[in-house]
There are 2 protein chains.
Amino acid sequence: MPAMSHRLDITFHALADPTRRAILSMLLEDDMAVSDVAEPFEMSLAAVSKHLGILSRAGLISQERRGRVKWCQLEPDALRDASIWMQSFGQFEAVNLDAFEKFLAAEFPGNSDATGQDG
Amino acid sequence: MPAMSHRLDITFHALADPTRRAILSMLLEDDMAVSDVAEPFEMSLAAVSKHLGILSRAGLISQERRGRVKWCQLEPDALRDASIWMQSFGQFEAVNLDAFEKFLAAEFPGNSDATGQDG
DNA sequence: GGCATATTCAACCAAACGGTTGACGAAACC
DNA sequence: GGTTTCGTCAACCGTTTGGTTGAATATGCC
């Protein structure tokens, strides 16, 4: 596996954008069509389509065409390498569940607007 | 904490570069001066200095000036939020130690060249 | 003081990013 | 068959990125 590092580049880069993280959060709840993914964002469908392409190339989501609708599905396994890479820096063997809850409350306020964006 | 999402942007972006991940790996072993961090890389000192600035602004390292030498120290706590964010995607409550070992062997071959870069 | 060492700053560059728009292709509906 | 819907493509645009170089700013040494 020579390109291990490159895969990490792709994964972390994909995660480094709030829109893309918001999309992943949305897909946590259910598979979605591209248009439905795009709907809550104040940007063009083409822009969201690009984001989905980046997530897809990173392996973080998969896309399956059914009829004219393209369904997007979370592929959380792709986070594994990145997560494991982080583990190599210690500290995280036992994630503090308390901190986790607080974090979620801050990152996904109300969970009705689980976008990971400010506001 | 309104800018939680922005912090994640910064952290993931900092991690999305192989040079910067290599630097973090080097700092795992020991604190280092800027010049010593730069030495193994085939790029200018100024470039490495910029990378260190990015890592520092992300909180992933701290820098302390002693005399004319600036020492760089790993700050693994900054990975916590990013790590926790990943936990929200499930899958990782129990990291597979076996996978972890294999990963380390691939990412840091021999551990004498723990750069995280290809080759 | 004068010179070497350690690090950053400033200006610049090519390439990539995140977005837009308009055209296009493919599937579905009537 | 014509039109609408879904999604991508291509071209473009301003900004950011990751790198370079040379000058500037400490600090340490003799």
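Order of the sequence lines sets the chain letters (A, B, ...), proteins ahead of strands, with each chain counted from 1. Side chains included, hydrogens not; waters and symmetry mates left out as well; all remaining heavy atoms used.
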Q: Return the value, rounded to whole Å, for the distance between atom CG of A/Asp9 and atom P of D/dT17.
A: 15 Å

Q: For a 4.5 angstrom cut-off between non-hydrogen side-chain atoms, does B/Trp71 reach B/Val37?
A: no

Q: To the nearest Å, give me how far apart CD (A/Glu64) and C1' (D/dT8) are.
A: 18 Å

Q: Select one nucleotide: of C/dA6, D/dG19, C/dG19, the one nearest the side-chain heavy atoms of B/Val69.
A: C/dA6

Q: What integer distance in Å separates A/Asp17:CG from D/dT16:C1'?
A: 13 Å

Q: Whole Å only: how far is the CG atom of B/Asp36 from the P atom of C/dT5?
A: 14 Å

Q: Nearest whole angstrom, please: distance from the P of C/dA14 to the CE of B/Met43.
A: 19 Å

Q: Starting the side chain at C-beta, find the nucleotide from C/dT8, D/dT20, D/dT8 nearest to B/Leu45.
A: C/dT8

Q: To the nearest Å, how far apart are B/Trp71 CH2 and D/dT27 C1'?
A: 15 Å

Q: Would you indicate, yes or no, if D/dG18 has its OP1 or OP2 atom less than 4.0 angstrom from a side-chain nitrogen or oxygen of A/His13?
A: no

Q: What pair of heavy atoms forms the shortest contact from B/Pro40 to B/Met26, and how long is it?
A: CG-CE, 3.7 Å

Q: Between C/dT8, D/dG19, C/dG19, which nucleotide gets closest to the side-chain atoms of B/Val34?
A: C/dT8

Q: Assign each of A/Ser44 and A/Arg68 to its nearest nucleotide of DNA chain C by heavy atoms, then name whichever residue's nucleotide is nearer the 5' end.
A: A/Ser44

Q: Locate the shortest heavy-atom distance separating A/Ala78 from A/Thr11; write the atom from each residue and the value.
A: O-CG2, 4.1 Å

Q: Within the structure, does a side-chain N or O atom of B/Lys50 lie under 4.0 Å from either OP1 or OP2 of C/dT8?
A: no

Q: Calculate the interatomic distance between A/His6 atom NE2 and C/dA16 atom P; express it in whole Å.
A: 11 Å

Q: Determine the contact category for A/Leu52: base if any of its heavy atoms lies under 4.0 Å from a base atom, sugar-phosphate if only primed atoms, P, OP1 or OP2 are that close, otherwise nothing.
A: nothing

Q: Could you tell me how far apart A/Leu55 (CG) and C/dG18 (C1') are, to the nearest whole angstrom?
A: 13 Å

Q: Sub-3.5 Å donor-acceptor pair from the side chain of B/Arg65 to the main-chain atoms of B/Lys70, do we have one?
A: no

Q: What nucleotide among C/dG18, C/dT8, C/dT21 has an atom nearest to a side-chain atom of A/Ala46?
A: C/dT21

Q: With a non-hydrogen cut-off below 4.0 angstrom, is A/Arg66 in contact with a base, only sugar-phosphate, or nothing?
A: nothing

Q: Between B/Ile54, B/Leu55, B/Ile61, B/Leu60, which is the residue that forms a side-chain contact (heavy atoms from CB on, under 4.5 Å) with B/Arg57?
A: B/Ile54

Q: Of all the choices, D/dG18, C/dG19, C/dG18, which nucleotide is nearest to the side chain of A/Ile54 once you look at every atom?
A: C/dG18

